[in-house]
Amino acid sequence: MKIIRSIKQMQRVAREIAAKGQTIGLVPTMGFLHEGHLSLIRKAKKEADIVITSIFVNPAQFAPTEDLDKYPRDEKGDIKRIGSAGSEIVFIPKAADIYPDDFQTWVTVADLTQTLEGESRPTHFRGVTTIVAKLFNITRPDVAVFGMKDYQQAVVLKQMLRDLGFPIKLIIAPTVREKGGLAMSSRNKYFTPEQRREALCLYYALRTAKAMVKSGETNCRRIEKEMRAVISGHCPTAKIDYIAFTDLNTLKPLEKTAQNTICSLAVRLFKVRLIDNMKLS
Ligand code: AMP
């Protein structure tokens, strides 16, 4: 497996791969890889000849109050995991090369970034779309794989692809969960085993929502009320940032569940902010 740290070298290698007629799959990550990330690499491997996995803790998508400095890192372990999942190349650019001192060009998607995560994290998506657009330009992928776990991110990126005409197929891969149902996340590392059990409240709330819809409930406010009760019952100190019911494709809010309703939520537990989602119908 090749480890590339220079942008110029990555661009050269990407051109060489394309010149050989091989396709490229890209899996962008912020490192500290878990099974969820590895599932994206395996999916990319099925879709493209050569898989590039990038590791870059993108400062532009963290607000000053967020956890950029303490975000978990394990470059050595990541490189091993990436290799064993079948990725041929790891791209690990330096922040100073991605954002040199005179950096001043940003990519923003207007409407889809105003709701859900965008309300709580107003500068987050601008950081995401800018880094992903830059990674696309550097690695020239045919296919890029993102996780359903960050569902709004995938919808925003799909819009960016359409609007800017990137000739890339975007694949959204399912959320990988730990045994009890907790969505895998690099941030789960912040929890003690007991806190990890309490963090299951997001999954339990989503399962409650799904079961209510299955048994005929369509009123989103009633479902939300039950979800809030599940969360506070399971983790009394949890602070719910939002629980939202939206259309899967447009992210428009819904009062009643319909076809393609997704429920997303963000909850702060023990100073860690977790997000999760589930398609309800
Ligand atoms: P991150 O390193 O958190 O920026 O995530 C990199 C990619 O992995 C994103 O496309 C995420 O949506 C995806 N991802 C994160 N957690 C999971 C998970 N539990 N299952 C599947 N994909 C995930």
Side-chain angles (χ1 to χ4, degrees), residues 25-48 51-63 66-68 70-75 77-79 81-82 85 87 90-93 95 98 116-117 121 124-136 139 141 143-161 168-191 196 199-200 202-203 206 248 262 264-267 272-279:
L26 174 69
V27 179
T29 81
M30 297 208 298
F32 207 72
L33 300 197
H34 49 65
E35 242 337 280
H37 296 111
L38 301 183
S39 74
L40 307 189
I41 296 174
R42 290 188 204 106
K43 177 70 184 160
K45 202 56 215 148
K46 287 201 187 117
E47 298 277 334
V51 174
I52 302 171
T53 305
S54 62
I55 301 177
F56 183 63
V57 183
N58 178 30
Q61 70 189 66
F62 290 78
E66 293 178 354
D67 57 348
L68 173 64
K70 63 171 186 146
Y71 196 83
R73 291 162 207 250
D74 175 19
E75 191 182 293
D78 283 346
I79 290 169
R81 282 185 280 274
I82 289 168
S87 181
V90 193
F91 177 47
I92 315 177
I98 293 285
L116 307 171
E117 286 299 282
R121 308 178 75 191
H124 172 70
F125 285 117
R126 176 182 97 144
V128 171
T129 40
T130 301
I131 187 62
V132 173
K134 192 152 183 175
L135 288 171
F136 284 170
T139 62
V143 177
V145 187
F146 294 87
M148 183 73 183
K149 158 93 188 330
D150 298 282
Y151 168 67
Q152 185 180 11
Q153 167 175 286
V155 173
V156 166
L157 290 172
K158 268 195 172 167
Q159 184 72 37
M160 179 186 84
L161 286 191
I168 298 168
K169 177 177 166 192
L170 190 148
I171 294 172
I172 306 179
T175 299
V176 176
R177 297 178 181 280
E178 289 178 10
K179 243 198 215 135
L182 177 64
M184 288 193 180
S185 161
S186 307
R187 290 189 169 101
N188 293 347
K189 175 182 189 298
Y190 298 141
F191 295 129
R196 210 173 253 246
L200 276 165
L202 281 84
Y203 178 63
L206 288 169
L248 194 65
I262 185 163
S264 324
L265 78 171
V267 178
V272 182
R273 187 172 181 281
L274 292 182
I275 57 169
D276 203 348
N277 62 68
M278 197 174 276
K279 189 169 179 284

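Note that ligands are numbered from 1 as they come in the structure, with each ligand's atoms numbered from 1 the same way. All values below come from the heavy atoms of this structure, side chains included, with hydrogens, waters and symmetry mates left out.
For ligand 1, the atoms sitting less than 4.0 Å from at least one non-hydrogen atom of Pro174 are 20 (N), 21 (C), numbered in the order shown with element in parentheses. Shown in contact with Leu40 at under 4.0 Å from a heavy atom are these atoms of ligand 1, numbered in order with element: 7 (C), 8 (O), 10 (O), 13 (C), 22 (N). Each of the atoms 9 (C), 10 (O), 11 (C), 12 (O), 13 (C), 22 (N) of ligand 1 lies under 4.0 Å from some heavy atom of Gly147.
Side-chain atoms of Asp150 never come within 3.5 Å of backbone atoms of Gln153 as a donor-acceptor pair (strictly under, hydrogens ignored). Panel note: side chain Thr53, backbone Ile82; no donor-acceptor pair is recorded below 3.5 Å. Judged by distance alone, the side chain of Asn188 and the main-chain N or O of Arg196 form no donor-acceptor pair under 3.5 Å. With hydrogens and angles disregarded, no donor-acceptor distance shorter than 3.5 Å links the side chain of Ser54 to the backbone of Phe91. Glu117 places no side-chain N or O within 3.5 Å of a backbone atom of His124 that could act as its donor or acceptor partner. Judged purely by atom type and a 3.5 angstrom limit, Asn277 uses its side chain to pair as donor or acceptor with the backbone of Lys149.
Proximity of Ser185 to ligand 1, defined as any heavy-atom pair under 4.0 Å, is not found for any part of the residue. Contact annotation for Val27 and ligand 1: no heavy atom of the residue comes within less than 4.0 Å of the ligand.
Inclusion of Phe146 in the set of residues having an N or O under 3.5 Å from an N or O of ligand 1 is not warranted. In terms of N/O distances under 3.5 Å, ligand 1 is approached by Val176.
Residues Phe62 and Val57 meet the side-chain proximity criterion, which asks for heavy atoms closer than 4.5 Å.
Taking a 4.0 Å cut-off on heavy atoms, Met148 fails to register as neighbouring ligand 1. By the 4.0 Å heavy-atom criterion, Ala154 is excluded from the residues contacting ligand 1.
The side-chain contact (heavy atoms from CB on, under 4.5 Å) test with Tyr71 singles out one residue from Glu66, Arg187, Lys189, and that residue is Arg187.
Ranking the protein heavy atoms by distance from atom 23 (C) of ligand 1 puts Lys149 CB, 4.1 Å first. Closest to atom 6 (C) of ligand 1 among all protein heavy atoms lies Pro28 O, 3.4 Å. Summary of contacts: the protein heavy atom closest to atom 14 (N) of ligand 1 is Asp150 OD2, 4.3 Å.
Within the set His34, Met30, His37, the minimum heavy-atom distance to atom 17 (C) of ligand 1 is found for His34. For atom 19 (N) of ligand 1, the nearest non-hydrogen atom from the set Arg187, Met184, Glu35 belongs to Met184.
For the pair Lys158 and Phe146, the cation-pi test (distance below 6.0 Å, angle within 45°) is failed.
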